[in-house]
Amino acid sequence: MPDNAQQQRAAELRRLIDDANHRYHVLDDPALPDAEYDRLLRELGELEAADPSLQTPDSPTLRVGGVPSGKFPTVRHAVPMLSLGNAFSDGEVSEFVARIVRETGEDAPVFSVEPKFDGLAISLRYEDGLFVRGATRGDGASGEDVTANLRTVKAIPLRLRDAGGGSAGPGIPKVLEVRGEVYMPRAGFEAYNAWALAHGAKPLANPRNGAAGSLRQLDPAITAKRPLAFFAYSLGEVEGVRVPATHSGVLAWLRGLGLPVSPLVECASGLDGVLDYYRRIGEARDTLPYDIDGVVYKLDSHELQADLGFVSRAPRWAIAHKFPAQEEATIVEAIEVNVGRTGAVTPWVLMQPVHVGGVTVTRATLHNADQVARLDVRVGDSVIVRRAGDVIPEVLRVIPERRPDGTTPWGMPERCPVCGSEIVREEGEVVARCSGELVCPAQRVQGLFHFASRRAMDIEGLGERLIQALVDFDQVKSIADLYGLGVEDFVEMKRRADERDGTTPETVKSGKVATKWAENLVAAIARSRETTLERFLFALGIEHVGESTAKALAAWLGDLDRIRRTPWPLFKRVPDIGDEVARSLGHFLDQPGNQAVIDALLAAGVRIADAHPPSPKLREGLTLAQLLADCGIPKLTPLRAKQLADAFPDAATLLDQERHNFVIAGLPDDAATAFAAWLSDEANAGPLLAAAAMQAELLAALPEDEAAAGPLDGMTVVITGTLDSMGRDEAKAKLEALGAKVSGSVSKKTGFVVAGAEAGSKLARATELGVEVWDEARLLAFLGEHA
DNA sequence: CAACCTCGAGTTCA
DNA sequence: CTCGAGGTTG
């Protein structure tokens with residue numbers, strides 16, 4: 001008697017596989033990723049192999065897959081369509097090759113190797129050279145007659161070409177069944193989805209579903225509009241000719257008959273040969289115009305194939321070597337939240353470890369509460385994970401039929417898990433924020449981490465864990481405190497952090513306290529004292545002030561002391577700074593605590609090397625009219641601001657006026673009232689005077705002449721790919737020195753794109769938009785010329 | 001005011 | 001890399 005647990009597991013697997021089959025083949029609505037399906041089938045196969053009494057007469061392992069939908073007549077395949085065994089690792093391929101070496105006696109058996117296309121397997125029947133019938137694989141023994149739909153696929157010849165007989169092959173046979181794959185090229189898939197989106201049709205989930213769905217259209221006219229293609233890869237029934245003795249010979253013959261055969265087909269010998277092919281195709285995978293999910297190795301000699309024979313319906317002389325899956329299913333263990341530098345609370349999932357695209361994934365971001373609600377992810381759910389853009393894991397969807405009982409929808413916590421402050425979500429905003437600000441240790445830690453980061457103060461060796469300890473043990477309250485720490489402080493912090501986390505430091509083994517890293521760190525902190533204005537402004541971590549905005553502020557205003565004293569409306573004179581960013585800067589500078597931190601940093605010896613006068617391009621914007629327009633005064637349009645400035649040429653005079661004088665100056669009644677009310681508020685009048693004074697100071701500080709224009713002034717440049725001769729940062733600095741603005745995304749405003757090796761989507765976009773592309777040589781030549 | 005183009009912020013793993 | 005949202009422009 002089989003073990004009871006195994007019996008139950010086998011029954012469960014049968015049910016899961018049947019459900020998946022039904023959804024895939026009958027409902028055209030796949031619920032399981034392929035890899036997951038394959039694994040279930042494999043697990044069931046292994047259980048049955050270990051104990052054959054577990055195999056029921058209806059076990060899914062007994063058929064190759066699929067159920068006729070009933071919409072099309074059924075066709076019996078004269079020669080059954082095979083399925084292939086799968087290998088997921090080099091080790092499994094090695095066993096496969098070893099077995100063939102053992103059983104054939106060949107040292108280095110020759111394989112015909114080809115990509116495994118991700119489409120739909122079909123069989124085409126030609127009689128006397130004429131296409132008479134086409135069918136899907138179905139369960140391998142019989143499939144659906146989709147002749148009318150297949151006739152619309154242009155890659156499928158309706159009549160075979162006579163290759164001239166003789167040397168090219170055996171000529172036109174009386175009966176020829178060709179097996180191959182119908183697939184949808186990526187470009188066609190994307191074009192179709194763009195069309196579907198624009199016309200309210202349901203987009204296709206992926207190219208494979210696109211191919212499968214298109215072939216089962218009842219109306220061939222619909223199929224005809226779908227961009228389908230075809231590759232032939234094997235034979236079924238053949239009558240009236242002698243077929244070539246090798247698989248590679250068959251493919252060459254088919255090609256001669258006018259059937260499309262993949263140009264990537266090759267011969268490879270032995271384990272090394274096939275693995276080399278696997279790696280080469282894997283590298284080219286992303287650049288192919290269609291999806292593949294692995295490669296197939298077939299023993300080339302038909303004679304040797306016959307010696308090896310079949311197991312069930314899978315040949316023992318062929319195997320599919322699959323690429324790592326890009327989608328996988330796993331189970332959600334917990335949903336947690338992170339608190340970022342700005343207090344943004346972002347939910348993420350902790351999952352059971354799962355291999356996706358070659359790495360083990362355990363966590364993925366859920367971005368925000370809306371995203372969680374959209375997906376309806378719950379603890380305990382089975383979810384499908386994908387690596388988006390090749391790197392970052394992403395939860396695609398949950399598998400609803402696998403949800404356990406008793407789950408509840410996830411909700412954003414009401415209080416910050418770190419500091420207990422209330423979590424608030426502003427009207428119309430997507431992000432929820434911890435209101436703790438500086439009280440929140442999480443925000444302090446992230447703020448310090450940002451301060452130390454490479455693009456800010458560039459303090460190497462100050463990692464998150466150490467910062468966490470510094471904050472937790474109260475060694476550091478603000479960023480300025482970093483400059484007061486010595487080697488022994490860091491060593492002590494690490495010791496206490498290790499102690500708390502129960503990690504054993506290596507020093508215990510060596511018996512000597514390691515301090516070299518701490519010395520390096522102290523030196524890095526000391527080095528960071530010497531910095532630039534833009535790095536310093538960026539390092540402060542002001543909301544909405546990133547690298548680019550910090551650079552603009554530094555370039556236009558030129559001096560930290562000046563910037564610290566600038567009233568917020570004046571920030572709008574800097575290009576790319578609008579109301580929101582200007583107010584954010586003002587808010588930051590208004591906090592005495594923030595000003596104290598800047599003072600403390602300067603007192604600790606931070607020096608800004610590149611102070612300079614403000615940009616002369618500011619001049620024309622430094623008027624009273626512009627200032628009034630920037631202050632956000634109710635009902636005061638730019639035109640009315642101009643009228644006021646014409647009538648009352650300075651801010652002090654304005655403050656002396658009565659309401660009716662504004663009417664005389666040309667303001668409508670309501671605007672005059674609103675303006676007078678605005679002025680009478682000390683919280684407005686004070687800053688207005690201060691801003692006017694700062695305008696005067698700026699005007700006085702402006703240099704006479706414009707700086708000489710660089711050769712790339714006003715040009716926006718994008719760098720992509722890897723450069724041989726320098727890092728991206730270095731290239732960026734060099735281009736900026738010549739006046740260019742280096743940006744991250746390509747648009748039609750981009751001057752040119754510098755493309756290094758392995759350039760990806762940005763290069764594609766540049767080509768698409770007709771933007772000029774420079775290779776590295778051209779960049780170097782240009783830099784050399786303008787050094 | 002809509003349609004862009006950019007920027008900022010958060011993010012994963014080896 | 002991707003989202004959301006700020007800024008500019010026609």
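Atom CG in L366(A) sits roughly 11 Å away from atom P in dT11(B) (whole-Å rounding). Put simply, NE2 on H450(A) is 15 Å from P on dT11(B), counting in whole angstrom units. F538(A) has its CZ atom 8 Å from the P atom of dG8(B), to the nearest Å. Taking atom CZ of R455(A) as the reference point, atom P of dC7(B) lies 13 Å away to the nearest angstrom. To the nearest angstrom, C1' of dT2(C) lies 13 Å from CZ of R374(A). Rounded to an integer number of Å, the gap from CD of E394(A) to P of dT11(B) is 15 Å. Per the geometry, CD belonging to E580(A) stands 13 Å off P belonging to dT8(C), to the nearest Å. Atoms CD (E543(A)) and C1' (dA9(B)) sit 10 Å apart, rounded to a whole Å.
Among residues two or more places apart in sequence or in another chain, the ring-ring contact (aromatic ring centres under 6.0 Å, His included) test is passed with Y290(A) by F117(A), Y183(A), F231(A).
Using a 4.0 Å heavy-atom distance criterion, V361(A) is classed as a sugar-phosphate-only contact. Residue-level contact check: H367(A) touches neither bases nor backbone, having no heavy atom under 4.0 Å from any strand. Among the heavy atoms of the strands, none lies under 4.0 Å from Q371(A).
OP1 or OP2 of dG10(B) lies within a sub-4.0 Å distance of a side-chain N or O belonging to T342(A). For the pair N368(A) and dC3(C), the criterion of a side-chain N or O lying under 4.0 Å from OP1 or OP2 is not met.
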Donor-acceptor list for residues 539-552 of chain A side chains, cut-off 3.5 Å, not counting sequence neighbours:
{"from": "E547(A)", "atom 1": "OE2", "to": "R455(A)", "atom 2": "NH1", "distance (Å)": "2.9"}
{"from": "K551(A)", "atom 1": "NZ", "to": "E534(A)", "atom 2": "OE2", "distance (Å)": "3.3"}
{"from": "K551(A)", "atom 1": "NZ", "to": "E736(A)", "atom 2": "OE1", "distance (Å)": "3.1"}

Sequence neighbours excluded and cut-off under 3.5 Å, please list the side-chain donor-acceptor pairs for residues 343-353 of chain A, or say none.
{"from": "W348(A)", "atom 1": "NE1", "to": "N338(A)", "atom 2": "OD1", "distance (Å)": "3.3"}

Filtered N/O pairs between nucleotides 2-6 of chain B and protein, under 3.5 Å:
{"from": "dT6(B)", "atom 1": "OP2", "to": "S747(A)", "atom 2": "OG", "distance (Å)": "2.9"}

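Here dA14(B) is the nucleotide among dG4(C), dA14(B), dC13(B) with the atom lying nearest to any side-chain atom of T360(A). For R363(A), the listed nucleotide lying nearest its side chain is dT12(B); candidates were dT12(B), dT11(B), dA5(C). When each of dG6(C), dC7(B), dC13(B) is scored by its nearest atom to the side-chain atoms of T362(A), the top-ranked nucleotide is dC13(B). The nucleotide whose nearest atom lies closest to any side-chain atom of P393(A) is, among dT12(B), dT11(B), dG8(B), dT12(B).
Applying the salt bridge (charged side-chain N to carboxylate O under 4.0 Å, His left out) rule to pairs touching residues 331-349 of chain A yields nothing, sequence neighbours excluded. Residue pairs satisfying the side-chain hydrogen bond (donor to acceptor under 3.5 Å, both in side chains) criterion with at least one member in residues 369-378 of chain A, sequence neighbours excluded, are listed as follows: D370(A)-R425(A), Q371(A)-R374(A), D376(A)-R378(A), D376(A)-R403(A), R378(A)-T407(A).
Under the 30°/60° scheme for interplanar angles, the aromatic rings of H450(A) and F538(A) are found to stand perpendicular.
Taking the charged nitrogens against the carboxylate oxygens, R465(A) and D498(A) do have a contact shorter than 4.0 Å, which makes a salt bridge.
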